[in-house]
2 protein chains.
Amino acid sequence: MTLSDRKKKILYSLVDDYIVTAEPVSSKKIQEEHLPDYSSATIRNELSALESMGYLVQPHTSAGRIPSQKAFRFYVDQLMVTPLTQDEISAIECHFGDKISSLQDVMSKVTKVLSEVTHLTSIAVEDKATGEVVQNIKLVRLTQGNALVLVVSDKNVFKDHIIEIPDNLSDVDLEKINGWLNHLFTPKKIDELRGINLDDILDEELRVLQSLFEDVLKVLREVSKKKKEIITQGAAQILDYPEYSDKDNAKQFLQVIEQKQKLADMFAEDNGMELNIKIGREEEQNLPDGCSLVTAKIGINKNSYGNIGVIGPVRMDYKKVVSVLDHIGKLIEKLLNEEE
Amino acid sequence: MTLSDRKKKILYSLVDDYIVTAEPVSSKKIQEEHLPDYSSATIRNELSALESMGYLVQPHTSAGRIPSQKAFRFYVDQLMVTPLTQDEISAIECHFGDKISSLQDVMSKVTKVLSEVTHLTSIAVEDKATGEVVQNIKLVRLTQGNALVLVVSDKNVFKDHIIEIPDNLSDVDLEKINGWLNHLFTPKKIDELRGINLDDILDEELRVLQSLFEDVLKVLREVSKKKKEIITQGAAQILDYPEYSDKDNAKQFLQVIEQKQKLADMFAEDNGMELNIKIGREEEQNLPDGCSLVTAKIGINKNSYGNIGVIGPVRMDYKKVVSVLDHIGKLIEKLLNEEE
DNA sequence: GTTTAGCACTCAAAACAAAAGAGTGCTAAC
DNA sequence: GTTAGCACTCTTTTGTTTTGAGTGCTAAAC
């Protein structure tokens, strides 16, 4: 079921309006500012229809309407990257004047700019495992049924993961398995290992051990996950939004922001997407109530260096956010290229 | 001018009360809860006297009194470390169950516990330069009057600092100076260098260059300063205090918390003190409005590993905070000792 | 069939008024 | 030096009224 053009226009206008005012939007306002050729009564009829279709919500009978999550989803799906104004561009670029010495430096600068320009809380996930090469994997038996997974890369040694192994596994078997593990998984970049699908690479004879290999792979993924550095900036921005004048909401928000691991997980899921918009809890369990998360990937030539993004109220200024993220993303890639 | 015993008792009771309620305290309340042997009228007279001495403030004529910063200073100066209850101790120690793998790990755990137990925002400064040994110092002439200070330690190379040198310095002179620098300052631990006093070690013949040496030393101190890792935890706690229900206050607080460098500076000043309490802006320019900072030093055998502390409203529960910091400080030292 | 003017109705928010009550300062007596 | 007593002050609470924005519906116009 598709919306009529007029309904689309009304809905879009209403969301546009709500994003700036955070107040219920009335039929009269839509008429005056967006659709002067129709009377407010007509628009009221349309609004009523949109409401029963689930796009709008009325806080109480004598109030205007506010967009539902469905409406926001409609809104962002229409969205394209619009070019920034010259002012906005210079506002961003004047922050990058000084020399940049490391990726970490870049990330910390970026979060500052991002938060300042969008008036939202910004998050950067730096993928420290990028380029790290796994050189050796070894299962070391601890007890009859348990083994330590020892992972040696060119930069680190990981020895914090224990998995279960079949009870009847002999030392010779274990040796063999270690051979296969190294054959299959080394030397390989950690980022590559993350994407490996065992079904594709396991020989028939190794199928019986698939669950064991699966476990090892899980450890490898775990390892690559841990090697992330998360920084946030501008948490205080949230207090400027009326929807967070409620203390409990604000508190919940801040608490989520502090749980870096959860933040990283939220970013992790949308691997592959250049730009990702998650609206409200329904789309991402871990988001604070009433929040959206817009993320972008930072990478050159298939190497992912991390992600950047902003988190804020569902009615954030997606247009601006998307454009700014796009611009900064390109900027970073340029900086990283110069580096090399 | 010293306070009479009764005044002391009244003042102490009032602060004690205010710390829990955050409300102006009335003469009647003090009488009922702390001084049943005097009438409220008598206490009123005393309160009036304490007010004119600057210990108390009255929000308006028909309200009780609230303690001034001076009163809090009086209060904490009386404070001693009181033993924790068994409940509090177990609340702390149950968090340290898992194995601890690194100092960083310790710090991150400690901030969590600290914030949870005190209901305040906790801060940890990890002194990464601890144990780092400066191996070589070299001045490299850039222009006639400028030189780069190159510092090589066992872990890092620092080359971001430029100082002025006398215009008439020949290359031979510079070589000599480099020799002296290395003679005086290497090989030494960075933490040692921080405390060096040039007056004590400079020979007569080097006096003329004292200011130059002073500059190099400043760079070394700068270097050791940079090598700090600051983590905070529980920023959201602040929202539970009525004094931060005002949005602007809360915002300001959060913004300060995000400026890690400033936080580090606040800790830096009280080198040498085991425990330090700073009450309000008057004592520490960089504190958020209406905040106090209680810090403790973490170290074994004169080696400073960093600091931990909490930041929160001036009327925080100093008794508890001080005891908890004391307890956790000792706990960390034990953990660090086991490590070695 | 679609649009719209008109009007009754709803409900939150603002404005106002009154009452309650907590606390003080002062005076006069103990 | 201490305290009972009381007038006075000022905030807080509570209730009431008013206002006005906005809707839904109906009936007429297009």
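Residue numbers start from 1 in every chain, and the chains themselves are labelled A, B, ... in the order their sequence lines are given, proteins ahead of strands. Heavy-atom basis, side chains included; hydrogens, waters and symmetry copies ignored.
A donor-acceptor distance shorter than 3.5 angstrom exists from the side chain of B/Ser90 to the backbone of B/Gln86, with no hydrogens or angles considered. With hydrogens and angles ignored, the 3.5 Å screen pairs a side-chain donor or acceptor of B/Lys278 with a backbone N or O of B/Met266.
The side-chain hydrogen bond (donor to acceptor under 3.5 Å, both in side chains) test applied to B/Lys251 returns A/Asp240, not counting sequence neighbours.
Here D/dT23 is the nucleotide among D/dT3, D/dT11, D/dT23 with the atom lying nearest to any side-chain atom of A/Arg65. When each of D/dT2, D/dT3, D/dG24 is scored by its nearest atom to the side-chain atoms of A/Gln58, the top-ranked nucleotide is D/dG24. Listed nucleotides: C/dG23, C/dA5, C/dC11. Nearest to the side chain of B/Ser26: C/dG23. When each of C/dT24, C/dT10, D/dC10 is scored by its nearest atom to the side-chain atoms of B/Arg44, the top-ranked nucleotide is C/dT24.
Each of B/His60 and B/Ser39 was matched to the nucleotide of DNA chain D holding its nearest heavy atom; the match closer to the 5' end belongs to B/Ser39. Between A/Ala41 and A/Pro59, the one whose closest nucleotide on DNA chain C sits nearer the 5' end is A/Ala41.
Put simply, CG on B/Leu35 is 15 Å from C1' on D/dG1, counting in whole angstrom units. Put simply, NZ on B/Lys7 is 14 Å from C1' on D/dT2, counting in whole angstrom units. Whole-Å rounding puts the A/Tyr38 OH to C/dA5 P distance at 14 Å. The NZ-C1' distance, from A/Lys28 to D/dT23, rounds to 13 Å in whole Å. The separation between A/Arg6 atom CZ and C/dT4 atom C1' is 12 Å, rounded to whole Å. A straight line from CD1 of A/Ile66 to P of C/dA12 spans 14 Å, rounded to a whole angstrom. Rounded to an integer number of Å, the gap from A/Glu46 CD to C/dT3 P is 7 Å. The separation between B/Asn45 atom CG and D/dT3 atom P is 10 Å, rounded to whole Å.
If you run side-chain contact (heavy atoms from CB on, under 4.5 Å) between B/Leu47 and each of B/Leu11, B/Val25, B/Thr42, B/Ile10, only B/Ile10 comes through.
A donor-acceptor contact under 3.5 Å is formed by the side chain of B/Ser62 with the base of D/dT9.
Look at B/Lys9 and B/Asp5 and you find no salt bridge, because none of the NZ, NE, NH1 or NH2 atoms lies under 4.0 Å from a carboxylate O.
Heavy atoms of A/Ser27 sit under 4.0 angstrom from primed sugar atoms or phosphate atoms, though from no base atom.
Regarding contacts with the backbone of C/dT3, every side-chain N or O of A/Thr42 stays at 4.0 angstrom or more from both OP1 and OP2.
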